[in-house]
Protein chains: 2
Amino acid sequence: MPQAERAGAMRARLLDATIGCVAELGYGGASTNDIVRRARVSRGALAHHFPTKADLVSAAAQRLLESKVDEFRARFGAIAPDRRTPAEGLGVLWSFYADTGGLVLLELMVAARHNPELAEVLAPMPDRIAEVTAEVFTEFFPDLADRPFLSEALRGVHALFSGLALNALPDGDPAGRGAEVRAFVKLLVSAAPHLHDAAFLIPDPA
Amino acid sequence: MPQAERAGAMRARLLDATIGCVAELGYGGASTNDIVRRARVSRGALAHHFPTKADLVSAAAQRLLESKVDEFRARFGAIAPDRRTPAEGLGVLWSFYADTGGLVLLELMVAARHNPELAEVLAPMPDRIAEVTAEVFTEFFPDLADRPFLSEALRGVHALFSGLALNALPDGDPAGRGAEVRAFVKLLVSAAPHLHDAAFLIPDPA
DNA sequence: CCACAAACAGGCAAGCCTGCCTGTTCGCGC
DNA sequence: GCGCGAACAGGCAGGCTTGCCTGTTTGTGG
């Protein structure tokens with residue numbers, strides 16, 4: 001096996017093991033020992049590719065973020081064309097936060113507060129996700145592309161979902177008691193296309 | 001000083017120091033050494049009142065949660081009566097998440113995933129907050145008390161705000177790029193009372 | 001007034017984690 | 001075929017953390 005490929009595979013294994021350990025043990029509980037054990041790699045190899053732990057987790061965060069973005073595109077594209085409604089898209093968005101990867105992202109997010117290197121990687125995340133979401137949205141629903149407050153609404157939905165995932169964290173159940181809220185949002189989104197003018201939203205000064 | 005009072009004060013100092021350390025160093029970075037140093041207390045005293053670290057942080061979480069609930073009530077009541085609109089209330093809600101205490105709550109939230117004792121304390125939190133919020137809301141806006149989806153909307157706003165706070169975490173700025181989203185939500189909330197019937201929300205089957 | 005228990009002080013030991021260091025194998029270019 | 005450097009293996013040391021353990025003071029009830 002050529003050198004480059006070997007190193008790449010090793011890096012990938014290390015990164016995946018890191019993500020797995022964070023998912024399983026939490027950011028605080030994931031030690032480099034656990035990681036090398038899970039990846040079936042020696043400590044030396046880890047040190048060779050990622051001199052410091054911050055390098056490792058930063059790279060893992062990057063990998064996870066990109067993989068999830070791709071996954072998001074794929075899942076959205078996988079919806080049957082005749083069922084591609086914004087409301088249906090919400091399910092895809094939710095899956096972005098509800099699964100294991102989303103959990104890890106959450107954990108890394110708060111860890112970033114005391115890890116500048118991680119913060120640097122994760123800071124552009126909300127914008128990146130919003131960007132991709134908007135991109136996909138305007139691709140599949142071109143007639144809704146220039147709705148007022150579209151960007152704000154999309155970002156809001158993302159924030160809402162990450163908040164729901166967060167709140168559901170302590171009681172183990174990934175769905176938590178957020179199901180009703182999600183249903184409500186779905187209702188709202190279903191209705192939104194029928195509001196052809198947002199002017200009425202401006203409260204009556206009277 | 002009587003015994004009970006002394007012990008109470010000690011407990012309070014320990015708990016406050018714990019919250020302070022978590023705020024400053026993060027959950028993972030807050031060691032019992034830091035805590036006793038900050039509280040000006042000996043290790044023995046800590047061990048006496050909180051045999052294990054989990055006991056300590058659980059108690060601290062409890063204290064923080066209750067203090068924030070009280071603070072929420074107080075801040076809401078402090079709004080000038082003639083300015084008490086739901087939209088104005090959003091500011092209070094946001095302050096709940098934007099300040100230091102909210103940050104700590106976020107951090108403890110994700111920490112709870114691998115700390116059953118903490119989880120037990122924090123699990124009822126979303127419900128508790130929703131409850132208090134609904135209570136305050138119906139007290140100040142009795143005519144809006146039985147709006148459809150009120151509970152869902154309130155819970156949604158909370159989730160949204162916690163998500164915004166979370167997303168703003170990596171870039172240090174507590175406000176982050178969430179200001180536009182909050183403005184949008186404010187607009188939505190301002191408009192909501194003018195929608196006297198939610199029936200139109202049901203999408204036209206045609 | 002005394003005995004007792006709670007409250008508090010400080011130190012000790014075991015365990016773990018991270019970073020580095022030396023040694024070995026493998027692939028690549030000449 | 002050979003030398004060189006990257007890739008990898010495994011162990012060592014320093015530092016830190018947590019929980020416990022012994023010793024001392026202080027308040028309380030009989």
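Chain identifiers are assigned alphabetically (A, B, ...) following the order of the sequence lines, protein sequences preceding nucleic acid strands; residue numbering begins at 1 within each chain.
An OP1 or OP2 oxygen of C:dC17 is reached within less than 4.0 angstrom by a side-chain nitrogen or oxygen of A:Ser31. The phosphate of D:dG19 has OP1 or OP2 within less than 4.0 Å of a side-chain N or O from B:Thr52. Contact check, A:Thr32 against C:dT18: a side-chain N or O comes under 4.0 Å of OP1 or OP2.
In this structure, the CZ atom of A:Arg11 is 10 Å from the P atom of D:dA7, given to the nearest Å. Distance A:Leu25 CG to C:dC16 P: 14 Å, rounded to the nearest Å. Rounded to whole Å, atom P of D:dG19 lies 11 Å from atom CD1 of B:Ile35. If you take CG of A:Leu46 and C1' of C:dT18, they are 10 Å apart, rounded to a whole angstrom. Atom CG in A:Asn33 sits about 14 Å away from atom C1' in D:dA13, given to the nearest Å. Taking atom CG of A:Asp55 as the reference point, atom C1' of C:dT18 lies 13 Å away to the nearest angstrom.
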Per-nucleotide protein contact string for nucleotides 6-12 of chain C, where B marks a base within reach and S marks sugar-phosphate only (heavy atoms under 4.0 Å, - for neither)
SBSBBB-
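B:Ser31 and B:Asp34 are linked by a side-chain donor-acceptor pair at a separation below 3.5 angstrom, with hydrogens and angles left out of the test.
Ring-centre distance between B:Phe140 and B:Phe76: below the 6.0 Å cut-off.
In plain terms, the two heavy atoms of B:Leu118 and B:Ser58 that are nearest each other are N-OG, 3.7 Å.
Considering only heavy atoms from C-beta on, A:Glu24 comes within 4.5 Å of A:Arg38 through its side chain. Inter-residue side-chain proximity for B:Val185 and B:Val189 is flagged as met; some heavy-atom pair is nearer than 4.5 Å. Side chains of B:Leu90 and B:Arg182 form no contact here, defined as non-hydrogen atoms less than 4.5 Å apart.
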